[in-house]
Amino acid sequence: MRKYPFKKIEKKWQEIWQKNNFSLWQAKDLAKQKKIYILDMFPYPSGDGLHVGHVEGYTATDILSRFYRMNGYNVLHPMGFDAFGLPAENFAIKKKKNPIDFVPKNIERFRKQLKSLGLSYDWQRELSTTDPSYYKWTQYIFLKMYERGLVYEKSAPINFCPSCQTGLADEEVIGGKCERCGTATEIRNLKQWHIRITAYAERLLEDLDELDWPENVKEMQRNWIGKSVGYEVLFMVDGFEERIAIFTTRLDTIYGVTFIVLSPANELALKISHPNYLLNVERYVQEERKKEKAGIYDKEISGVFTGSYAINPLNQKKIPIWVSNYVLATYGTGAIMGVPAHDERDFNFAKKFDLEVIRVVVPTEGVQNFEEIFIEDGVVINSDEFSGLSSEEAREKIGEKLSSLGLARKVVNYRLRDWIFSRQRYWGEPIPLIRCPRCGIVPLKEKDLPLVLPRVKYYKPSGTGESPLKNISKWVKTRCPKCKGEAERETQTMPQWAGSCWYYIGYLLKSKKLRNWDKRLLQYWLPVDVYVGGVEHAVLHLLYARFWHKFLYDIKMVPTKEPFVKLVNQGLILGPDGQKMSKSRGNVINPDDVIKEYGADTLRIYEMFMGPLEDSKPWSIESIKGVFRFLNRVWALAGQVKKNKIRKNKDQEILAEVRVKLNELIYETTEGIKNLKFNVVIAKMMSFENFLRNFLSKNSNLNIVDEFLIFIRLLFPFAPHISQEIFSLLGGKSLLDLEKWPEYDKELLVRKTFNYVVQVNGKKRGVIVSEKENLTENEVKELVSEQTFYKKYIKGKKVVKIVFVRGKVINFVIGE
RNA sequence: GCCCGGGUGGCGGAAUUGGUAGACGCUGCAGACUUAAAAUCUGCUUCCCCUUCGCAGGGAGUGUGGGUUCGAGUCCCACCCCGGGCACCA
């Protein structure tokens, strides 16, 4: 295969760009120009290095950044490293090295790889979440939350990963497995720091509507927050003082209640059991609680009768109270009303234990199909004065009645739970709190930040539920900021996600070495205009970051309600076998290898050419060669163009064709980049190269340097190295980054010839080509009558109707 | 089960948003160059039929079935399949 000297070219220009510490791509704080903030999701610098998925997103934002720079924007395009947390720590443990030594090496490797791709970052703003000058602010924001009562410590059954030896947030458990290592998680009762994200549930939900995000991500967040509006209803227990509160969204079915079910974790279960049944209930409850602790999920429904009865507040009917594992302790009140006719789970339970089924809602219209259960809204029956109402009206009316009796209240429930924020691990931001035997929990003073993570010998998780930091008594022992007496530091650390909650702001402070939280800079740069990254963070990073941002907004530390206006998810790049890339499958494509074989420019263009940015698509070791050939042809063409550089064109007219085509390309490229349709733009450039090559072979002594260099400018954001090299080869003096983006001439875009598709009964039968724009119907008819296909399809037939669309199509409708 | 996406040649994918389906790339085939191969260049490449082999003609075709329309890959209804997310959330 022919190879243009990409190694030499790429090395040469990367070195030139590196000069002056990459000042070429430096964003100018507070400049008068229009700003645009283009952000990538920063990587975890794992030991594996960059993968092709990173390259995809990072190339896309690089194209945008270079494009907007050439269009006169003040572009902020920074990069950093999310280096705290489990991936780095687990890798360090595996390699038996201290993360404190190891992580900087990983970062160095990532940085090198990013630079080898020619990505135009503002490297002076580079940050790492592990840098004390950075996590000083992570700790600072945490303390602000503490100050506002958003941080609390609570002992609760939480998710625990036995392999990572740490507690996890709900968001980190995917399908019952640890998000990082894939081990099945357990439930453990641990005392943990929580952050009250639930206080922001409503706003996190509402403000989604304003965001230019992919619909599926918004939907995932909506589902995760899981708002449901319903009623909490009190049921008396016959013969007991206690009352049972249940939560329901289907108050319209309350006449259909035939039993009450308590979660095994509900304290009432033992209190309201009939003495004859108590032993049985106790045994069941203990067993179920044990199972829950061990993280065992029973798919099989089980349950026991308590021997007691509740009283339906509306019709005073006595209904049995059960305890069952299908009722969650953590949602609503840990108790439900069982309506087997209108809820599938209740129905299954009733069937298993042979409980009564009463139907109180029927379909609104049509056939009253007598299926056993009907879960939709409909018309209420068998419900006293509420019969005949629609489900919606019934909910309202019944709610009113019960509320006036003090037996119900309208309640909004969220599925979202508070964020478990402490980790029993070493490699994270220390939580800046002190446990004082006299004063209780005392926060560190702001001036004492950062609280630096100490170097330890043994950083492996202890497995006791204690952080490794616990063993460093020197560090743990401290003085209480309040009473100055002896006290101990909190030894747990923050989760992986803490540092990434605000890093897009970190880049803005970077220019002052993170010393100041300069609101003018935030006012200028925020919000992020385009944010590109993988969809895997939909309910993790993206939810947490929105939460922190809203908090910062509330305490007037940021000027906007939302951090990221527009979000783009790049699709997954699959292995050549169409499967997800993984080491165990052996289908991983390493970007370093590709760069070695074809160069960074080919890699960049190929990844953009594979298909739409958002789609997942398989790697093809054949297709990338096509892209490489394209760049080789551009290179060869440049050589040819150079030969004619000194010639004077006798006939300017002949170039008109090139200019029209070029003008079109400028238009298509400009619009295509704005709309992130990179794959289409590249196809157009390939077509243009094809055209130009043919053109030049017919007009071999024409000087087209000027035209060619416009093409090179268009190519530049995609393939910066080869473009820059050709530019200077053909006499360009400056760096292309400083050049203006070519403008297109709207006049020239107007087509010279116009096609009229001629249809007969909607079928294409011919095309009329005219040089006249906007032919009238009669003119087109005239032209059609001269065509051979006219005789064949139209002449002598009865034309019922003619549909004529100006500039596009004429359709003859022929009758029988 | 529920909620989002999406089904277009041998493959990855285009299609001005209702107006010439298959751009561009890959693969394959043929040719040129070459002692030869590689590389490169040129042409063909949705399927089927007819053919006087002409740069000719006809038909079908965008997951399936129906509908709206002069005209549907694009809009509507039903179904099938694939991918992703959530999953005892009452």
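Here is the naming used below: chain letters follow the sequence lines, and residue numbers restart at 1 for every chain.
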Practice item. Give E219(A) one of three labels, base, sugar-phosphate or nothing, depending on what nucleic acid heavy atoms sit under 4.0 Å from its own. Key: sugar-phosphate

Check your understanding: What do the steps show when you test E671(A) against K677(A) for salt bridge (Lys or Arg N to Asp or Glu O under 4.0 Å), and what is the final call?
Key -> CA-CA 8 Å; E671(A) 293 306 308; K677(A) 296 179 110 181; over 6 Å; no

Review point. A683(A) side chain: which of U42(B), C24(B), G13(B) is closest?
Key: C24(B)

Practice item. Please determine, for the side chain of E215(A), which listed nucleotide (G5(B), G19(B), G25(B)) has the closest atom? Key: G5(B)

Check your understanding: Within the pair R415(A) and C88(B), is there a side-chain N or O less than 4.0 Å away from OP1 or OP2?
Key -> no

Point to revise | Distance below 4.0 Å between K617(A) side-chain N/O and G12(B) OP1 or OP2 | key: no

Point to revise | U64(B) and U51(B), which share atom name C1', separated by this distance in whole Å | key: 35 Å

Practice item. With pairs defined as Watson-Crick or G-U wobble and both distances under 3.5 angstrom, please note down RNA chain B as a dot-bracket string, | for pairing with another strand. Key: (((((((..(((......[....))).(((((.......))))).((((.......))))..(((((..]....))))))))))))....

Practice item. Please measure how far the P atom in A23(B) lies from the corresponding atom in G83(B), and state the result in whole Å. Key: 29 Å

Review point. Expressed as a whole number of Å, how far does the P atom of C47(B) sit from that of U62(B)?
Key: 16 Å

Check your understanding: Hey, does the side chain of N223(A) come within less than 4.0 Å of A87(B)'s phosphate (OP1/OP2), counting only N and O?
Key -> no

Review point. What nucleotide among U20(B), A90(B), G25(B) has an atom nearest to a side-chain atom of K764(A)?
Key: U20(B)

**Study point:** Under 4.0 Å protein heavy-atom contact, by nucleotide of nucleotides 27-37 of chain B - B base, S sugar-phosphate only
**Key:** S----------

Exercise for review: Look at the side-chain N and O atoms of N690(A) and state whether any lies under 4.0 Å from the OP1 or OP2 oxygen of C24(B).
Suggested key: no

Point to revise | Between C26(B) (P) and W619(A) (CH2): distance, integer Å | key: 15 Å

Review point. Which value, in whole Å, describes the distance between the C1' atoms of nucleotides G43(B) and C55(B)?
Key: 13 Å

Study note, to complete from the structure: Expected label for U17(B) (glycosidic angle, syn inside 90° of 0, else anti) would be syn

Review point. Side chain of Q570(A), backbone of G53(A): donor and acceptor closer than 3.5 Å?
Key: yes

Check your understanding: With respect to the phosphate group of G84(B), does any side-chain polar atom (N or O) of S616(A) fall under 4.0 Å of OP1 or OP2?
Key -> no

Revision key, fill the gap. With the side chain defined as heavy atoms from C-beta on, S623(A) is closest, among A90(B), C41(B), C26(B), to C26(B)

Exercise for review: Respond yes when some side-chain nitrogen or oxygen of Y326(A) is under 4.0 Å from OP1 or OP2 of A90(B), and no when none is.
Suggested key: no

Study note, to complete from the structure: Glycosidic torsion of G9(B) (syn if within 90° of 0, anti otherwise) classifies it as syn

Revision key, fill the gap. Judged by whether its glycosidic angle lies within 90° of 0, G54(B) is syn

Check your understanding: Taking atom C1' in both C4(B) and G59(B), what distance in whole Å separates the two?
Key -> 40 Å

